[in-house]
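Naming convention: chains lettered A, B, ... in sequence-line order (proteins, then strands); numbering from 1 in each chain.
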Protein chains: 2
Amino acid sequence: MSAAFEPLPFAPGYRRVAGEIAARILDRTLKVGESLPSELELATQFGVNRSMIREALRELESADLIARRRGTKRLVVVRPAAAQIAGRLRQAFALHDVTVREVWEMLEVLEPPAAQAAAAARTAATLRRIEEAVAAYRAGQREARRAVDGVGEFFRAIAGASGNRVLPLMQEPLLQLLTAALGVLIEAAPPARERIAVAQERICAAIGDGNGELARDWMAKHVRDFRRGFEFCRIELNTPVPFG
Amino acid sequence: MSAAFEPLPFAPGYRRVAGEIAARILDRTLKVGESLPSELELATQFGVNRSMIREALRELESADLIARRRGTKRLVVVRPAAAQIAGRLRQAFALHDVTVREVWEMLEVLEPPAAQAAAAARTAATLRRIEEAVAAYRAGQREARRAVDGVGEFFRAIAGASGNRVLPLMQEPLLQLLTAALGVLIEAAPPARERIAVAQERICAAIGDGNGELARDWMAKHVRDFRRGFEFCRIELNTPVPFG
DNA sequence: ATAGTATGATTGTCGGACAATATGGCCATC
DNA sequence: GATGGCCATATTGTCCGACAATCATACTAT
């Protein structure tokens with residue numbers, strides 16, 4: 001073992017302050033929904049200048065550990081939701097030049113087990129959400145924009161019904177990244193819309209019956225079908241995903 | 001449609017500045033590795049005070065879009081790596097009281113297809129990394145700490161070999177979260193160590209042969225085996241994941 | 001070529017200041 | 001009692017100026 005010296009760990013004040021506050025949030029000393037003390041009070045408590053506190057708060061804000069309620073002044077502790085996490089991941093994917101194909105492959109991996117789990121863990125409420133998503137898709141099918149949103153909501157409803165709270169968090173960035181490609185597909189291939197509707201209905205029915213295998217298989221087919229649609233529309237899957 | 005008014009979108013200066021810079025990074029005007037202008041220069045360019053620039057920089061730093069090279073002063077543009085993303089996600093999972101079981105279920109979903117993809121997309125370099133990981137695990141098997149690290153590196157090598165750059169990013173937080181539980185398992189059930197070694201070797205061999213189905217099946221068995229280990233050791237899977 | 005030194009640039013931290021706005025209490029009106 | 005107007009105060013957003021510590025660089029001496 002080479003005994004190369006590690007660089008001395010030193011963090012500037014704003015980082016240490018942010019770390020302290022973050023630790024209090026993570027260990028639940030500061031509960032979600034509570035509001036933080038004012039900047040001035042924090043400054044006196046930590047014995048530092050207000051500027052430093054403000055820099056620390058910006059870090060925490062960007063980490064989605066604190067946020068401002070709309071139109072209010074004080075910062076409150078929040079827990080990062082799927083949408084926020086997704087935004088961060090989307091940025092990372094974009095900077096890594098991840099391609100549409102790679103994102104799609106992940107969905108091919110995630111969605112069938114998600115549907116299966118949803119069939120097993122379904123409740124009246126989650127099932128209704130799925131049914132509503134399916135109905136909403138049918139209703140908005142005509143308009144490309146609404147159709148794309150409907151597809152997203154369908155997948156979200158499935159993930160939400162799976163009973164696994166990690167799944168929605170991991171799925172969300174993928175969905176966000178695909179909306180652009182999906183929009184092109186749905187715009188260019190009208191027959192796809194009907195196929196999507198049918199597949200959604202089958203999956204929904206299978207989940208309603210608690211038939212996990214069937215739901216999984218239909219979902220696998222559904223996702224594969226999307227990919228064929230991409231190829232049919234000559235959507236180049238190897239292009240980097242957009243960062244919009 | 002109810003026509004409830006949206007709140008007027010207004011962002012304080014530091015947020016707008018951060019947004020501007022982030023946009024420049026995402027559209028590659030500022031390339032990865034480049035260093036940002038000094039705070040003073042940014043302040044004059046944006047026509048605002050240095051304090052505001054600093055707050056914006058803290059946001060970007062926390063978003064892992066910029067970072068300081070170790071021991072240096074200037075901030076450079078970086079692209080968030082798996083480890084950074086993982087930390088953020090770990091925080092989120094912890095705050096959502098995600099359980100070990102949920103994390104483990106996600107690995108059960110992700111890993112078998114990952115192994116299959118690795119068998120299909122393997123290269124000399126990626127295969128070597130897997131082989132080295134397997135060898136390192138065997139070598140360090142005795143010591144619980146090194147064994148846990150070895151398991152993590154094995155999974156990372158697989159994901160890296162899959163040719164899908166999304167996979168490592170999604171897998172990393174799961175691995176980080178499981179190290180605690182894995183440590184307990186490996187400490188408590190010595191025979192598990194040998195089983196892990198054997199499974200790793202089988203999977204590695206299957207990937208080396210380009211046999212995707214075999215790799216997938218062995219990986220599925222491997223992951224399931226972990227879960228049995230958890231149950232055998234009476235590790236309560238429904239406890240929230242730690243936030244270490 | 002390497003080590004030391006001087007110089008300038010940049011960051012980390014501080015203090016104070018002020019305008020704009022949210023908060024909360026008080027009062028009048030219905 | 002609920003509602004809306006009004007005011008004092010607290011808090012945030014933004015600015016300015018300052019200074020020590022540290023990094024980058026050029027220059028010098030060995």
Is it the case that over 12 heavy atoms from other parts of the model lie below 6.0 angstrom from the CZ atom of B/R28? yes
Return yes if some donor-acceptor pair links the side-chain N/O of A/R88 with the main-chain N/O of A/S62 below 3.5 Å, else return no. yes
Verify whether one side chain among B/E102 and B/T99 offers a donor that lies under 3.5 Å from an acceptor in the other. yes
Who passes salt bridge (Lys or Arg N to Asp or Glu O under 4.0 Å) against B/E187, sequence neighbours left out? none
What heavy-atom pair brings B/Q176 and B/G87 nearest, and what distance separates the two atoms? OE1-N, 4.3 Å
Salt bridge flag under 4.0 Å for residues B/E20 and B/R24: yes
Sorted by chain and residue number, the side chain to side chain contact (heavy atoms under 4.5 Å, CB included) partners of A/A82 (sequence neighbours excluded) come out as A/L169, A/E172
How would you list, by chain and number, every residue that makes a side chain to side chain contact (heavy atoms under 4.5 Å, CB included) with B/D149, sequence neighbours excluded? B/R145
Using a cut-off of 4.0 Å on non-hydrogen atoms, how would the nucleic acid contact of A/R68 be classed: base, sugar-phosphate, or nothing? sugar-phosphate
Look at atom CZ of B/R79 and say whether more than 12 heavy atoms of other residues, nucleotides or ligands are closer to it than 6.0 Å. yes
Let's see if you get this right: which residues in residues 54-66 of chain B place a heavy atom under 4.0 Å from DNA chain D? none
In whole angstrom, give the distance that lies between atom CG of A/L75 and atom C1' of D/dA10. 15 Å
Taking the side chain as everything from C-beta on, heavy atoms only, tell me whether A/V151 gets closer than 4.5 Å to A/T179. no
Base versus backbone protein contacts along nucleotides 16-27 of chain D [heavy-atom cut-off under 4.0 Å; B, S, -]: B-B--BBSS---
List for me each residue that meets side chain to side chain contact (heavy atoms under 4.5 Å, CB included) alongside B/A117, sequence neighbours excluded, and say none if there are none. B/S162
If an axis is fit to five pairs at each end of the helix from C/dA1-D/dT30 to C/dC30-D/dG1, what is the angle between the two, to the nearest 10°? 20°
So where does chain B start and stop touching DNA chain C, 5' to 3', when the test is distance under 4.0 Å to a non-hydrogen atom? C/dT10 to C/dT13
Not counting sequence neighbours, which residues clear side-chain hydrogen bond (donor to acceptor under 3.5 Å, both in side chains) with B/E61? List them please. A/R15, B/R58, B/R68
Kindly state which residues belonging to residues 29-44 of chain A come within less than 4.0 angstrom of DNA chain C, counting heavy atoms of the residue only, listed by number. none
Side chain to side chain contact (heavy atoms under 4.5 Å, CB included) partners for B/M52, two or more places apart: B/Y14, B/V17, B/V48
Only counting residues at least two apart or in another chain, list the ones meeting salt bridge (Lys or Arg N to Asp or Glu O under 4.0 Å) with A/R122. none
Non-hydrogen side-chain atoms of B/R54 and B/S51 separated by less than 4.5 Å: no
